[in-house]
Number of protein chains: 2
Amino acid sequence: MAAFTVVSYNINSIRVRLDSLLAWMHKTNPDVVCLQETKVQDNDFPEQQILSAGYHVIYKGEKSRNGVAIISKHLPNDIQIGHNNWGRDNEARLISAKICNCTIVNTYIPQGQEPNSDYFQYKLDWIAHMQNYFAERFNPSDLVLWVGDFNVAPEPLDIYDPARLLGRVGYHPDEHAALQNVKAWGFLDIFRQHITEGNNYTFWDYRIKNAVDRGLGWRIDHIWGTEPIARHSVNAGIAKDLRRDLRPSDHAPIWATFNLP
Amino acid sequence: MAAFTVVSYNINSIRVRLDSLLAWMHKTNPDVVCLQETKVQDNDFPEQQILSAGYHVIYKGEKSRNGVAIISKHLPNDIQIGHNNWGRDNEARLISAKICNCTIVNTYIPQGQEPNSDYFQYKLDWIAHMQNYFAERFNPSDLVLWVGDFNVAPEPLDIYDPARLLGRVGYHPDEHAALQNVKAWGFLDIFRQHITEGNNYTFWDYRIKNAVDRGLGWRIDHIWGTEPIARHSVNAGIAKDLRRDLRPSDHAPIWATFNLP
DNA sequence: GAGAGACACG
DNA sequence: CGTGTCTCTC
């Protein structure tokens, strides 16, 4: 089979940035684009424009916050929205589909606000619940990709000042432990299989002047895969150029290419 | 002396449209631009950008509403802000200066909301008070221009459906009478000395789709002058093209050119 | 800093 | 419809 490229992108309002996204997709020709923070309720989702561009699309949104979507060249099957069987999945943070024999789970993990806040505990619970989610549905020998805005930089290499920022939301030992537990179920970090240098970030705070040029970013968006899919990955990268647009999202797309078995 | 061009423009937020205004001024090279609805308090007025473009500027604003300014190639003298000696001039609606021996009074007359409202009576009082303003300060034989957003279309020719709209705010007999009283002090409508055709408007409601193309406008912005200045006027017009910008004001600039005596 | 929403205004 | 205000979120 031909190369199969999967992208994860926190778009920070699909209505503001859909034109820019479609132009970028036209250039880069990805197979699957997983979006977070679409920030639009389903009635207002710009479905027609995506269909006209020749893609399938599935989505689950809320008014003004959260919101996830999967745009795909190939027909998505076995669509799942939300966790089911879990009391705290009233937010639009998880959407999943089987595309070309590979199950793609796209999540927007809660940001967490501040350690010691209720929101932070919610984030930890949310991450912990993902282990149940995968264990109940899949086997580590399945072709499963877990992608999205995880709102966690897992390693020192994934953040611009690990010493100073340790303990902050997004780079906190409790988050690292929670995420490691899910990873231990059977995931590999596809990006790090190919790119081992630092200063490869997917998020730069709007409030820090010239953060991109100054290298003041975080790698908090991820593409993780089970061993059988990771084995077939051939490349990965971050489309940093999109973060330099006139009106950019605060995130850049992360992508990985596979030769699907 | 060379030609002297005076412009009146309700800019509907100078912060949003200053770049567009300066580009237009660069093309058209006016001597004086009188603005209304700058919608910015004096601390936030973009003075430096105007000075850098080679103009003088005087202004009086409020937070979020009203606000008047005069941009001028030539040094403004005898600057007056507000009516003085009148109880109801706490709003930023009047600014005046002597520029090249001609006194220019730039006003943003209250919109009036609805006939029978208190705001409508305020508008009528405001207009009536302008007669005192001129009588106390000038003589009809002086070189005086009264320009601005008058929020009144004086004649049937100044509105797209005079029969239907008669009695609405902006085209009401009481407004016509009030304005006529001030005019009788000694003003001529400079624009109408040169342009006698209809469909020459300065305002098109944002809420009416394609109002400009469909000719659904009002001529409510004016350049009036005393006889000695009117006699030296050589041309006038409306810069309708600016109303077709990507993010236009709901008004277009009105201009008049003089060979000053 | 930049999205969202809601409200006031013309 | 398109300005402004303010509050909320990340």
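Order of the sequence lines sets the chain letters (A, B, ...), proteins ahead of strands, with each chain counted from 1.
Checking dG1(C), dG4(D), dC10(D) against the side-chain heavy atoms of Gln113(A) singles out dC10(D) as nearest. The side chain of Lys39(A) has dA4(C) as its nearest neighbour among dA4(C), dT5(D), dC10(D). Minimum atom distance to the side chain of Ser64(A) is reached by dG5(C), of the listed dG1(C), dC9(C), dG5(C). In the set dT3(D), dG3(C), dT5(D), the nucleotide with an atom closest to the side chain of Arg17(A) is dG3(C). Which of dC6(D), dC9(C), dG2(D) sits closest to the side chain of Tyr206(B) comes down to dG2(D). Nearest nucleotide to the side chain of Tyr108(A), out of dC10(D), dT3(D), dG3(C): dC10(D). The side chain of Arg15(B) approaches dT5(D) more closely than any other nucleotide in the set dC1(D), dT9(D), dT5(D).
Proximity of Arg65(A) to the phosphate of dG5(C): no side-chain N or O atom is located under 4.0 Å from OP1 or OP2. Taking side-chain N and O atoms only, Gln111(A) has no distance below 4.0 Å to OP1 or OP2 of dT9(D). Side-chain nitrogen and oxygen atoms of Lys63(B) include none within less than 4.0 Å of the OP1 or OP2 phosphate oxygen of dG4(D).
Distance NE2 (His251(A)) to C1' (dC10(D)): 8 Å, rounded to an integer number of Å. If you measure from atom OH of Tyr122(A) to atom P of dT9(D), you get 14 Å, rounded to the nearest angstrom. Rounded to whole angstrom, the span from the CG atom of Asp245(A) across to the P atom of dG3(C) amounts to 12 Å. Taking atom CD1 of Ile208(A) as the reference point, atom C1' of dA2(C) lies 14 Å away to the nearest angstrom. Here the C1' atom of nucleotide dG1(C) and the CG atom of Asn12(A) are 10 Å apart, to the nearest Å. Rounded to whole angstrom, the span from the CD atom of Glu37(B) across to the C1' atom of dA8(C) amounts to 13 Å. Atom CZ in Arg93(B) sits roughly 8 Å away from atom P in dG10(C) (whole-Å rounding). Taking atom CZ on Arg247(B) and atom P on dG4(D), their separation rounds to 8 Å, with Å as the unit.
Between Tyr160(A) and Trp218(A), the ring planes are perpendicular. Angles over 60° get that label, and only those under 30° would be called parallel. Note on ring orientation: taking the six-membered ring where Trp is involved, the planes of Trp224(A) and Trp146(A) are perpendicular (angle over 60°, cut-offs 30° and 60°).
When each of Asp44(A) and Asp250(A) is assigned the nucleotide of DNA chain C with its nearest heavy atom, Asp250(A) is the one assigned upstream, toward the 5' end.
Residue Phe150(A) forms a ring pair (Phe, Tyr, Trp, His ring centres under 6.0 Å) with just one option from His176(A), His251(A), His222(A), and that option is His222(A).
Legend: residues meeting side-chain contact (heavy atoms from CB on, under 4.5 Å) with Asp19(B), ordered by chain and number and at least two apart, are Gln49(B).
The shortest distance between side-chain heavy atoms of Ile70(A) and Val32(A) falls below 4.5 Å.
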